There are 2 protein chains.
Amino acid sequence: MATITIKDVAREANVSVASVSRALNGGSGVTAETGQRIREVASRLRYIPHAAARMLITRRTNTIGALLPDLYGEFFSELIRGIDLAARARGLHLLVSSSHDSSDDAAAALRAMQGRVDGMLIMSAHVDDAFLRANLPEGLPTVLINSAVKNKAYGVINVDNYACARAMVKHLLDVGHKNVAFIAGPENNFDAQQREKGYRAAMAKFASKIAPNVVAGDFTEEAGYRAGQELLAQKKRPSAVFAANDMMAVGCMHAFREAGLRMPQDIALAGFDDIPVARYVSPPLSTVRVRIVDLGRSALESVATILENPDHQVAVRPAFGCEIIVRETCGASRVAASHKKSLS
Amino acid sequence: MATITIKDVAREANVSVASVSRALNGGSGVTAETGQRIREVASRLRYIPHAAARMLITRRTNTIGALLPDLYGEFFSELIRGIDLAARARGLHLLVSSSHDSSDDAAAALRAMQGRVDGMLIMSAHVDDAFLRANLPEGLPTVLINSAVKNKAYGVINVDNYACARAMVKHLLDVGHKNVAFIAGPENNFDAQQREKGYRAAMAKFASKIAPNVVAGDFTEEAGYRAGQELLAQKKRPSAVFAANDMMAVGCMHAFREAGLRMPQDIALAGFDDIPVARYVSPPLSTVRVRIVDLGRSALESVATILENPDHQVAVRPAFGCEIIVRETCGASRVAASHKKSLS
DNA sequence: GGCGCGAACGTAAACGTTTTCATGGCGGCT
DNA sequence: AGCCGCCATGAAAACGTTTACGTTCGCGCC
């Protein structure tokens with residue numbers, strides 16, 4: 001209970017507190033012999049430096065804050081895992097604040113972290129330039145994850161939604177589908193916007209004769225279900241549907257099956273995210289996978305880099321790649337092989 | 001850049017630092033008028049108290065640490081969400097350290113948190129009584145999640161795996177299956193042990209003529225697949241199989257389907273956890289659901305309670321209940337209704 | 001042998017709060 | 001009118017480190 005301080009160690013080892021500090025930190029400035037003795041005493045006494053006192057004088061918390069939105073399960077845990085892994089590798093601590101749903105909520109969470117962190121990792125839909133300027137102390141190293149904000153003051157790491165969506169649409173066209181429709185995500189969602197842009201770009205480039213066919217959605221299974229019904233009701237039913245995320249694809253799948261359609265024979269389907277469920281629906285869903293662990297890891301390394309050399313201008317990390325996961329719903333030829341692989 | 005301190009506020013408001021401190025914290029001991037003026041100046045100057053300095057003098061970090069193992073995605077994020085929600089409601093911060101796979105790893109993570117937290121939330125397979133005594137400073141409020149450790153010094157919150165497994169087995173017996181087999185989890189896993197005990201208890205009580213039939217597993221899909229094959233190779237094939245978790249149930253399902261068996265007509269199947277995938281496999285998997293968010297929330301409240309009145313003896317919270325989710329694989333009669341409900 | 005220099009170590013200031021204690025003023029009671 | 005006590009306020013100590021700056025000592029070189 002009686003917390004023991006550096007003074008206790010100093011007294012027990014017959015040295016001054018300064019020497020104890022030197023021995024335990026740098027190690028330079030003390031004899032190898034005394035250093036040894038001090039360390040010995042310290043561990044015998046189970047001395048643990050008072051973190052707050054150290055922070056106070058050092059002006060370093062060795063902690064990074066992570067501000068995350070109310071995230072879908074799988075994505076969240078993978079992201080945290082990546083961040084945490086990288087943080088521990090660098091001896092940094094991780095202060096998290098997740099599941100805030102309003103802008104005010106996020107602002108409060110952000111302010112609460114003030115002074116407890118050396119840098120911030122922020123991922124949130126509510127975050128824009130004004131928000132950051134209002135709630136972030138200037139000079140605090142900050143990296144934005146999946147954000148549309150473009151400001152020299154912040155690092156940004158984004159998934160290359162545009163290129164990935166484009167690639168998936170191209171794939172669908174390549175395997176023979178002409179009339180590819182798209183189920184959009186929430187309007188104000190940056191990921192969703194980029195994916196839609198990717199869809200439109202691919203259509204414009206590789207299927208210029210077909211008009212883009214976009215129906216509304218909001219990333220929920222429910223919306224996917226409705227969008228599926230809407231697409232089936234169209235005069236000219238699309239031959240393939242690309243949903244802006246897997247949840248909507250799953251909902252869409254229900255609508256198709258309800259209508260008695262087989263996939264991919266009657267209609268093809270693809271999603272985005274490769275959530276675990278994608279493998280287990282039947283037929284297994286073709287989708288686009290993002291390496292989320294790497295995203296988190298990279299985000300942390302980025303903020304750590306800024307931390308280490310503040311002069312160094314904020315490096316905008318290259319956007320992250322994804323990979324096309326070919327399962328059964330997209331009607332590609334190499335179905336069997338791909339499916340087996342994805343199960344192993 | 002120039003961080004502004006309480007002194008700056010004091011000077012600007014023509015008061016002493018003591019008054020500023022009082023005005024910003026308790027509010028008592030200072031005129032309403034001066035208090036107002038001070039708060040005004042503080043917010044104009046965008047003053048934010050230096051957390052470390054406050055911790056140093058207060059000996060309170062207002063932070064609790066969470067030590068978590070390498071957890072399966074869904075479970076992890078739900079748990080964190082619950083913890084985080086409760087923490088923010090109480091104005092506490094959350095320092096997380098996850099995905100450590102060895103005991104040494106966990107010890108290092110634990111030690112690194114020393115002095116940065118007021119209390120700990122620990123969930124890990126590697127944690128036993130000796131480990132805690134060696135790595136945890138005595139007197140640090142600690143709550144263990146899903147742990148077999150019984151020590152008056154720590155709070156413990158467990159899922160009632162035993163009762164839930166027992167209930168599921170009873171359900172399988174109730175709907176007419178006689179010969180219920182069990183696929184076990186890892187031997188050293190506490191959850192797995194409890195679930196197996198629940199299985200054995202239910203069999204002993206409600207199907208005393210049938211010998212328990214347990215095959216080995218380790219919570220992976222792969223193990224479930226092998227266990228499924230093993231069960232099919234038995235002289236007398238079981239009429240129902242209860243897997244210790246959903247992942248193994250899914251693997252088992254693959255084995256059954258590979259053998260041309262239909263579920264539930266030819267053989268029934270049930271899992272544990274209600275991971276999202278359970279709804280999407282076909283046929284949808286009957287399983288046992290645990291309210292993980294509540295588990296996390298409750299764990300945090302528990303440690304916060306200890307924090308607030310240290311005298312109060314550590315309350316061992318009652319174990320958490322679960323619910324039986326009846327879908328299609330268990331062959332119960334009310335399939336349609338239940339399925340519809342679970343999708344809504 | 002003295003002088004200077006570097007290494008080992010000690011002293012004390014500084015970090016930004018909270019909190020205890022002292023001080024002064026003001027109002028109410030006798 | 002005088003005194004007591006309360007309340008707002010200020011001064012200063014304390015929290016446990018790190019680090020700049022002295023001080024001492026030993027050693028090599030002139």
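Lettering of chains follows the sequences in order, A, B, ..., and the numbering in each one begins at 1. Everything numeric here is computed off the predicted structure, so don't read it as measured data.
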4.5 Å side-chain heavy-atom contact, [X] and [Y]:
X	Y	value
A:Ile64	A:Leu307	yes
B:His50	A:Arg59	yes
A:Asp105	B:Arg88	yes

_B:Thr58 side-chain proximity, nearest of C:dT11, C:dA14, C:dT18_ = C:dT18
To the nearest Å, give me how far apart [atom1] ([X]) and [atom2] ([N]) are.
X	N	atom1	atom2	value
A:Gln114	C:dT17	CD	P	13 Å
B:Arg59	C:dT19	CZ	P	12 Å
B:Asn62	C:dT17	CG	P	15 Å

_Under-4.0 Å side-chain N/O to phosphate OP1/OP2 contact, B:Ser21 with C:dT18_ = yes
_Please tell me if A:Thr34 has a side-chain N or O lying less than 4.0 Å from either OP1 or OP2 of C:dA8._
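Checking C:dA8 against A:Thr34, no side-chain N or O comes under 4.0 Å of OP1 or OP2.
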*Taking five pairs at each end of the helix from C:dG1-D:dC30 to C:dT30-D:dA1, what angle separates the two helix axes (nearest 10°)?*
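Nearest ten degrees gives 50° for this helix.
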*Sequence-distant partners of B:Arg90, side-chain hydrogen bond (donor to acceptor under 3.5 Å, both in side chains), two or more places apart*: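 Partners of B:Arg90 under the side-chain hydrogen bond (donor to acceptor under 3.5 Å, both in side chains) test: B:Glu308.
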*All side-chain hydrogen bond (donor to acceptor under 3.5 Å, both in side chains) counterparts of A:Arg116, not counting sequence neighbours*: B:Thr63
*Only one of B:Leu94, B:Val143, B:Leu79 passes side-chain contact (heavy atoms from CB on, under 4.5 Å) with B:Leu121; say which it is.*
B:Val143
_Which residue in the set A:Leu140, A:Ile122, A:Asp129 passes side-chain contact (heavy atoms from CB on, under 4.5 Å) when paired with A:Tyr154?_
A:Asp129
_Heavy-atom contact window of chain B on DNA chain D, given 5' to 3' at under 4.0 Å_ = D:dA8 to D:dG16
Taking N or O atoms only and anything under 3.5 Å, show me the protein contacts with nucleotides 20-25 of chain C, one pair per line.
none

*Check step by step if salt bridge (Lys or Arg N to Asp or Glu O under 4.0 Å) holds for A:Asp84 and A:Arg81.*
CA-CA 5 Å; A:Asp84 184 68; A:Arg81 186 185 312 281; over 6 Å; no
*Stepwise side-chain contact (heavy atoms from CB on, under 4.5 Å) check, B:Asn25 with B:Arg54*: CA-CA 11 Å; B:Asn25 294 341; B:Arg54 186 179 288 192; 3.8 Å; yes
*Taking the nucleotide of DNA chain D with the closest heavy atom to each, which residue, B:Ile57 or B:Ser16, is nearer the 5' end?*
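That would be B:Ser16.
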*Got a donor-acceptor contact below 3.5 angstrom from the B:His100 side chain to the B:Leu68 backbone?*
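Yes, because the side chain of B:His100 sits within donor-acceptor range (under 3.5 Å) of the backbone of B:Leu68.
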*Can we say B:Asp8 and B:Arg11 salt-bridge, meaning some charged N sits less than 4.0 Å from an Asp/Glu carboxylate O?*
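B:Arg11 and B:Asp8: salt-bridged.
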*Report the C-alpha separation of B:Arg60 and B:Asp118 in whole Å, then their side-chain angles, then the decisive distance to 0.1 Å, and conclude whether the side-chain contact (heavy atoms from CB on, under 4.5 Å) test is met.*
CA-CA 7 Å; B:Arg60 268 285 220 129; B:Asp118 292 338; 3.4 Å; yes
*Heavy atom of residues 39-50 of chain A under 4.0 Å from DNA chain D: which residues?*
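Only A:Tyr47, A:Ile48, A:Pro49, A:His50 qualify.
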*asked:* With side-chain contact (heavy atoms from CB on, under 4.5 Å) as the criterion, how do A:Met123 and A:Phe75 come out once you've worked through the C-alpha distance, each side chain's angles and the decisive distance to 0.1 Å?
replied: CA-CA 12 Å; A:Met123 170 171 179; A:Phe75 190 93; 3.6 Å; yes
